[in-house]
2 protein chains.
Amino acid sequence: MDLEAVRTFVAVAEAGQFQEAAAELAVTQQAVSKRIAALERNLGVRLFSRTARGAELTIDGQAFLPHARELLRAAERAGASVRPGRRPLRVDVLTSRSAQSGLMRGFHRAHPDIELDVLMLFDIETAVAAIRSGAIDASFRAVAAPGRPLPEDIESVRVLDEPLQLLTGPAHALAGARSVTLAQLTGHRIWMPGIVPGTEWTAYYDDLVAEFGLTIEATGPNFGSDALLDTIADTPALATFMGEHTRLIWPADHGLRRIPVTDPTPVYPHSLLWHRDNPHPALATLRAHLAATTAGHDAAGTWAPRWVIPR
Amino acid sequence: MDLEAVRTFVAVAEAGQFQEAAAELAVTQQAVSKRIAALERNLGVRLFSRTARGAELTIDGQAFLPHARELLRAAERAGASVRPGRRPLRVDVLTSRSAQSGLMRGFHRAHPDIELDVLMLFDIETAVAAIRSGAIDASFRAVAAPGRPLPEDIESVRVLDEPLQLLTGPAHALAGARSVTLAQLTGHRIWMPGIVPGTEWTAYYDDLVAEFGLTIEATGPNFGSDALLDTIADTPALATFMGEHTRLIWPADHGLRRIPVTDPTPVYPHSLLWHRDNPHPALATLRAHLAATTAGHDAAGTWAPRWVIPR
DNA sequence: CTTAGTGAACAACGGGTGGTTGTGAATGAC
DNA sequence: GTCATTCACAACCACCCGTTGTTCACTAAG
């Protein structure tokens, strides 16, 4: 399947004849004829019925035409995604199922005309470097880890405090609780596999441990959320933290429990980071959207590390 | 933009190195290197950062990857749309904004996994020929015109009676009516441009004229719905019929009125046609869906030509 | 530090694809 | 019948793509 042949097909379908399409594409009529013939040979069907005064689509050609247009649009979008200058707004999020993705989906619904690329970088160091180099336009992160202030050319604003909930199996001691306090969790083992040392997650949970005396185990590789859920469901002595807005594939027969945490509720702070001088027009739109949709949250009764930037 | 290069890009991104991708694609590592280099040259950005133990995506590459996958999916769908055997279900509708399209959208919502191609053929003759040849699987039509019974190998079922409404401008004599009867329309000029002689529309309106003494003018070429709406809005002596479910781009300042017609309400009958021996599995699903969603309509107080097949 | 191994880039060669020119066949208008 | 239009086919040519052979860069083990 050759994109140039598909482009030629669409041109002929619109022009109604080979010659006019050839003129538009700046090739000879014979070249168009060969391209269409090659496309028809590849697909195994006849796309045009040739007449003495042009070419008209067969039924197969009519069915193929919208797919051909969509294919060309996809190629155009793919090219635009990396075109320097006027490329889509590029935003880095933590994970594809996080509350941040929810914010971006809301932004996309509010501004469906704004081209958007969402990606997931490794850590905040990479993200900041990418923002400074102009490779990405914005990043959702928890900033800043203590002792590591953001560079002067990076601006940030706190956009979302995501309450953490306790996730336990059915045999866990707290499985029946309607809610638990942070003090009640002292002595219980909280398992957070996959927390990579040096990322902003580490600093957050370090502070949580220091202030409330929790036992958080970050050991072990991250085998994915399925393995995590399996283990939590089967191990009475283990629980884990999970963002309130996190949506998982929820195995029905695991009997997992989500339990709100109170007095105070630990919240994971999400901030938007961007470069002071970034001229992308959609960036201003995104900031305005986030400011409008995330305003008015109440910080009373919640806990976050002292080093996070204030709201 | 070469699809083979894009395919190679995705393979390298998944394999993490050029050599393994080359083995998967059954070419040499050098060919992969040249394809990626050509793609990078065309796009003007570097997609991989080459290391001593493989290649990893740059940020541009990460942004490009989902678009590349989408591009390959689009190519796959385009090819499948004309592949003989196991191609998408191909259904012919009257117009893209008709109630039939609404039925197909409902079917697509109910069965999003079923691949579907919707097209618009010229008239019922073409449609029947296409059904018999296997070029399409089903067609929504008003069947059958009097004296032209369907061939024996074509089956049909009536799926929808669409009530017709009167469309007038603000200065029309009936513009203020909450509803009108067919008898009230005697003497008024009904304008239906673009009705092609010989199509099933003609037979329908011929019957309507014969039974109720209306004045229907089918003269003049069809300049599109915009021109039709403009003329109706500006001409006090003209009105037209329009399906109740038809959704148009509605110019706000035209003052157009939709007026229900009663005693009886003329309904335009839509039937589904298909070939007796068509083995496409999705065809049975479509028929079941239509039978389930269009059941229970009331024919009391409506009018349709006597020659249409009964419900 | 040396050496072996891996992975990617570069150079040269051969084959195939794609574009052009020239020509022929079919259809429709006058 | 003649002409104009349109598409298909054949021959020629150039360029691009893939292969082979080789070199360079980096890593890891001894």
Side-chain angles (χ1 to χ4, degrees), chain A residues 1-62 64-65 68 71-72 75 79, chain B residues 1-62 64-65 68 71-72 75 78-79 122:
Chain A
M1 176 99 61
D2 178 16
L3 277 189
E4 211 51 41
V6 174
R7 213 180 306 278
T8 306
F9 165 77
V10 173
V12 172
E14 286 173 352
Q17 62 182 29
F18 283 39
Q19 288 199 343
E20 196 178 322
E24 273 181 32
L25 300 170
V27 295
T28 62
Q29 168 264 318
Q30 287 80 350
V32 171
S33 180
K34 285 175 79 169
R35 286 184 188 176
I36 298 296
L39 186 60
E40 288 179 329
R41 181 159 27 87
N42 284 339
L43 294 174
V45 296
R46 181 144 277 241
L47 295 172
F48 293 102
S49 64
R50 280 78 160 171
T51 74
R53 57 179 185 288
E56 61 183 18
L57 286 167
T58 62
I59 292 179
D60 280 316
Q62 292 177 47
F64 186 67
L65 181 57
L71 187 53
L72 297 181
Chain B
M1 177 100 60
D2 178 16
L3 277 188
E4 210 52 39
V6 174
R7 213 180 306 279
T8 305
F9 165 77
V10 173
V12 173
E14 285 174 350
Q17 61 183 29
F18 283 40
Q19 289 196 341
E20 196 178 324
E24 274 181 31
L25 300 170
V27 294
T28 61
Q29 170 265 319
Q30 286 83 347
V32 171
S33 179
K34 286 174 81 169
R35 284 184 189 176
I36 298 296
L39 185 60
E40 289 178 329
R41 183 158 26 85
N42 284 340
L43 294 173
V45 296
R46 182 143 276 242
L47 295 172
F48 293 101
S49 65
R50 280 77 161 170
T51 74
R53 56 179 184 288
E56 62 182 18
L57 287 167
T58 63
I59 292 178
D60 279 317
Q62 292 177 48
F64 185 68
L65 182 56
L71 186 53
L72 297 182
F122 178 67

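All values below come from the heavy atoms of this structure, side chains included, with hydrogens, waters and symmetry mates left out. Residue numbers begin at 1 in each chain, while the letters A, B, ... track the order of the sequences.
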Problem set entry | Residues within residues 6-18 of chain A bordering DNA chain D, heavy-atom distance below 4.0 Å |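 Here the set is A/Q17, A/F18.
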In this structure, how many angstroms lie between the [atom2] atom of [N] and the [atom1] atom of [X], rounded?
| X | N | atom1 | atom2 | value |
| --- | --- | --- | --- | --- |
| B/I36 | D/dG18 | CD1 | P | 11 Å |
| B/R46 | C/dA9 | CZ | C1' | 10 Å |
| B/E56 | C/dG7 | CD | P | 15 Å |
| B/E40 | C/dA8 | CD | P | 12 Å |

Exercise. Among all residues two or more places apart in sequence or in another chain, which pass the salt bridge (charged side-chain N to carboxylate O under 4.0 Å, His left out) test with B/E14?
Worked result: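 Once residues adjacent in sequence are excluded, the partners of B/E14 under the salt bridge (charged side-chain N to carboxylate O under 4.0 Å, His left out) criterion are B/R69.
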Exercise. Excluding sequence neighbours, so at least two apart, what forms salt bridge (charged side-chain N to carboxylate O under 4.0 Å, His left out) with B/E20?
Worked result: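 Listed in chain order: nothing, the list is empty.
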Problem set entry | Relative orientation of the end axes in the helix from C/dC1-D/dG30 to C/dC30-D/dG1, expressed as an angle to the nearest 10° (five pairs per end) |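 Taking the rotation axis at each end, their angle is 30°.
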[X]: partners by side chain to side chain contact (heavy atoms under 4.5 Å, CB included), with sequence neighbours left out:
| X | answer |
| --- | --- |
| B/E40 | B/I36, B/R46, B/L47, B/R50 |
| A/T28 | A/Q30, A/A31 |
| B/A68 | B/V6, B/F9, B/V10, B/F64 |
| B/E4 | B/D2, B/R7, B/R35 |

For this session: Assign a letter to each nucleotide of nucleotides 17-30 of chain C from its 5' end: B, base within under 4.0 Å of a protein heavy atom; S, sugar-phosphate only; -, no contact.
Result: --BBBBB---SS--
Exercise. Any side-chain heavy-atom pair from A/L57 and A/F48 closer than 4.5 angstrom?
Worked result: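 Contact flag for A/L57/A/F48 side chains = yes.
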Exercise. Taking OP1 and OP2 of C/dA9, is either one under 4.0 Å from a side-chain nitrogen or oxygen of B/S33?
Worked result: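 Looking at the OP1 and OP2 atoms of C/dA9, one of them is under 4.0 Å from a side-chain N or O of B/S33.
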Exercise. If you measure from CG on A/D60 to CG on A/L65, what distance do you get to the nearest 0.5 Å?
Worked result: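 Those atoms lie 12.5 Å apart.
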Exercise. Distance from A/L71 atom CG to B/L3 atom CG, nearest 0.5 Å?
Worked result: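 It comes to 6.0 Å.
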Problem set entry | Minimum-distance pair of heavy atoms, taken over all atoms of B/S49 and B/T58 |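 For B/S49 versus B/T58, the nearest heavy atoms are N-CG2, 3.7 Å.
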Exercise. Where is the tightest heavy-atom contact between A/A75 and B/M1, given as atom of each residue plus distance?
Worked result: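 Of all heavy-atom pairs spanning A/A75 and B/M1, the closest is O-CE, 3.5 Å.
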Exercise. What does B/A55 touch in the nucleic acid at a heavy-atom separation under 4.0 angstrom: a base, only the sugar-phosphate, or nothing?
Worked result: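 Sugar-phosphate contact only - B/A55 comes under 4.0 Å of backbone atoms but never of a base.
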